[in-house]
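Here is the naming used below: chain letters follow the sequence lines, and residue numbers restart at 1 for every chain. Side chains are part of it too, since the values below use all heavy atoms of this structure and drop only hydrogens, waters and symmetry mates.
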2 protein chains.
Amino acid sequence: MLDPVSRVRRFNRAVTSAVGALDNSFLGRSRPLGAARVLNAIGHGRSDVAEIRDYLGLDSGLMSRLLRSLEDEGLIETTAREDDARRRMAKLTRAGRREFAAYEALSNAQAEGFLAQHSQREALLAAMDLIASALTRERVTLDEIDPRCEEARYCLGEYYAELGRRFSQGFDVSLSRDPDAKDMRRPRGTFIVAMSDRLPIGCVGLKGSDHGYAEIKRLWVAPAARGLRLGRRLMHAAESAARELGITLLRLDTNSALPEAGQLYRSTGWREIPRFNDDPYPDLFFEKRL
Amino acid sequence: MLDPVSRVRRFNRAVTSAVGALDNSFLGRSRPLGAARVLNAIGHGRSDVAEIRDYLGLDSGLMSRLLRSLEDEGLIETTAREDDARRRMAKLTRAGRREFAAYEALSNAQAEGFLAQHSQREALLAAMDLIASALTRERVTLDEIDPRCEEARYCLGEYYAELGRRFSQGFDVSLSRDPDAKDMRRPRGTFIVAMSDRLPIGCVGLKGSDHGYAEIKRLWVAPAARGLRLGRRLMHAAESAARELGITLLRLDTNSALPEAGQLYRSTGWREIPRFNDDPYPDLFFEKRL
DNA sequence: CATGATATCTGACTTTAGTCAGATATCCGG
DNA sequence: CCGGATATCTGACTAAAGTCAGATATCATG
């Protein structure tokens with residue numbers, strides 16, 4: 001009665017019968033689901049018609065008709081793309097923005113209503129994060145971003161907080177060598193964030209230097225996204241970027257209180273080397289020649 | 001970017017777009033979704049037509065047509081109910097059972113495939129249990145069952161395992177006063193299990209005795225179902241059953257290593273009394289007059 | 001047994017989603 | 001500028017789901 005398969009199936013049943021209740025914001029504004037989905041995709045910043053069609057899995061004929069019906073309602077405008085007049089871009093009109101906001105408000109209200117009904121908020125949210133990450137694993141994208149932007153700062157904040165929990169002596173970022181943002185931007189280095197459906201769930205920094213090697217810094221994976229081999233993917237992306245930038249030697253430091261990190265490095269061609277800096281936190285040092 | 005509402009909405013998006021992938025067993029046998037859902041409802045033991053219609057939320061006309069199409073395929077038979085010939089009962093034919101088994105096999109295979117893709121199996125399953133319990137909270141039923149049946153034995157096994165984890169000295173059921181099964185069956189007592197979509201998620205025993213009081217025993221709530229006030233509901237049901245049985249005084253013992261239990265008792269009209277037995281595990285004793 | 005309520009069934013209808021074969025306009029490489 | 005490729009649009013179609021008003025049979029009750 002309690003084998004894993006039954007548990008997965010019970011979850012499926014619960015979710016399929018509740019998902020309508022969880023979010024039926026697509027209904028409730030007397031517009032067919034298809035049109036509502038397209039309107040929401042546009043509202044969420046997708047404008048390329050082919051991309052929306054692909055994202056929603058629609059036939060081109062159907063997509064065309066849905067766009068037309070939204071246009072007839074006065075909610076969107078479509079224009080040919082400047083660089084390729086075969087392709088079309090869609091954007092919301094003022095009325096469309098109002099309508100989109102109404103959908104968003106409905107959806108938010110339903111999510112709030114759901115949360116308000118349940119007492120174990122944090123446990124529930126953590127479980128939801130874990131499942132959402134597992135389900136969207138295939139769709140995790142690795143994006144190079146500026147280390148000072150919101151997503152990067154969020155990741156770094158979580159990373160520092162986790163070090164604080166895991167190091168017995170805590171962690172004070174001001175005592176560590178805080179890398180200069182420009183060392184983690186091209187052409188000296190880069191900063192890569194893993195995004196799952198607009199939520200940052202991991203990051204890694206490649207920090208250029210003038211010492212004949214670059215460093216891997218700030219490798220972090222959100223607790224809800226562990227077990228998806230995301231650390232490996234991030235490291236792989238960072239090493240590829242390093243190769244592109246003509247870097248031939250990589251180093252990193254880590255701490256034995258983070259055993260999963262050490263294991264990852266060892267299993268991906270890094271070899272342990274003696275201490276190469278005077279940062280107070282790390283006690284393990286690695287190097288990899290590209 | 002990470003407020004609770006966004007997290008709930010991300011989960012919704014992930015689940016709605018993945019639920020097809022999680023279980024599309026309803027497709028894949030060239031039968032419309034509606035008919036497949038009815039067939040599966042019947043296969044899962046629902047036979048009353050009105051009940052199925054209510055469960056699946058179908059219009060009576062539509063339901064009638066779906067039944068007819070399944071009958072035409074030779075998968076079900078319907079008969080008038082003996083006690084009320086207006087109502088109809090549906091049951092699977094031999095061919096229907098084969099077809100249902102094929103759906104079950106598909107669904108199991110998909111659940112297995114899903115599990116095989118993911119490395120953090122236990123964490124994922126625990127998260128799924130938690131969410132399924134939260135979503136189906138409204139539909140938890142409290143059933144009186146025999147304490148020796150499978151569901152009861154499962155609950156007791158989990159209960160003992162949890163005591164073993166939480167008591168610093170471990171827990172050996174043979175050292176504790178194991179109540180006689182017949183003391184937890186009517187008319188001396190009862191055993192109540194909380195079922196969520198066919199999964200037992202909590203239990204409580206009411207044990208009759210000849211000492212002028214009855215005892216509450218084995219109050220347990222599955223970790224995935226905590227925070228839903230299920231303990232309270234179980235206790236309430238046990239007390240109601242005790243009143244029905246003419247019991248006027250209830251006692252129970254517990255351990256200070258289970259603080260949430262003590263808190264529950266105190267907040268529901270129980271008062272602490274001196275030790276009333278020589279069981280080695282409990283160190284807290286309560287009484288309630290009905 | 002007459003009467004109103006109830007459960008199911010039937011026929012006629014609408015809406016939505018989806019499919020597919022072309023039509024049209026534009027792009028790109030030679 | 002030509003010819004094949006590409007993006008979108010249009011028309012004609014189907015399948016599925018759902019709605020609604022009655023028809024029919026049965027039940028409960030006085």
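Once rounded to the nearest 0.5 Å, the distance linking CZ of B/Arg9 with CE of A/Met128 reads 13.0 Å. The distance from atom CD of A/Glu239 to atom CG of A/Leu206, rounded to the nearest 0.5 Å, is 9.5 Å. B/Thr93 OG1 to B/Glu71 CD: the interatomic distance, rounded to the nearest 0.5 Å, is 10.0 Å.
Ion pairing between a basic and an acidic side chain is recognised when a charged N comes within 4.0 Å of a carboxylate O; A/Arg87 and A/Glu51 show no such pairing.
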Per-nucleotide protein contact string for nucleotides 9-18 of chain C (B base, S sugar-phosphate only, - none; heavy atom under 4.0 Å):
BBBB---SSB
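Atom CG of B/Asp84 and atom C1' of C/dT6 are 8 Å apart (whole Å). One can place CD1 of B/Ile52 at 13 Å from C1' of C/dT8, the figure rounded to the nearest angstrom. Here the P atom of nucleotide C/dA7 and the CG atom of B/Asp54 are 11 Å apart, to the nearest Å.
Remark: B/His236 NE2 is loosely packed, at most 12 non-hydrogen atoms of other residues, nucleotides or ligands lying under 6.0 Å away.
Residue contacts shown for A/Arg81 are absent, as no nucleic acid heavy atom lies under 4.0 Å away.
Of the two residues contacting DNA chain C, namely B/Arg53 and A/Asp83, the nearest-nucleotide position lying further toward the 5' end is that of B/Arg53.
Considering only side-chain atoms of A/Arg87, the nucleotide from D/dT26, D/dT8, C/dC27 that sits closest is D/dT8.
Without hydrogens or angle criteria, B/Ser107 side chain to B/Tyr103 main chain gives no donor-acceptor distance under 3.5 Å.
At a cut-off of 3.5 angstrom, counting only N and O atoms as typed in the model, there is a donor on one side and an acceptor on the other between the side-chain of B/Arg86 and the base of C/dT6.
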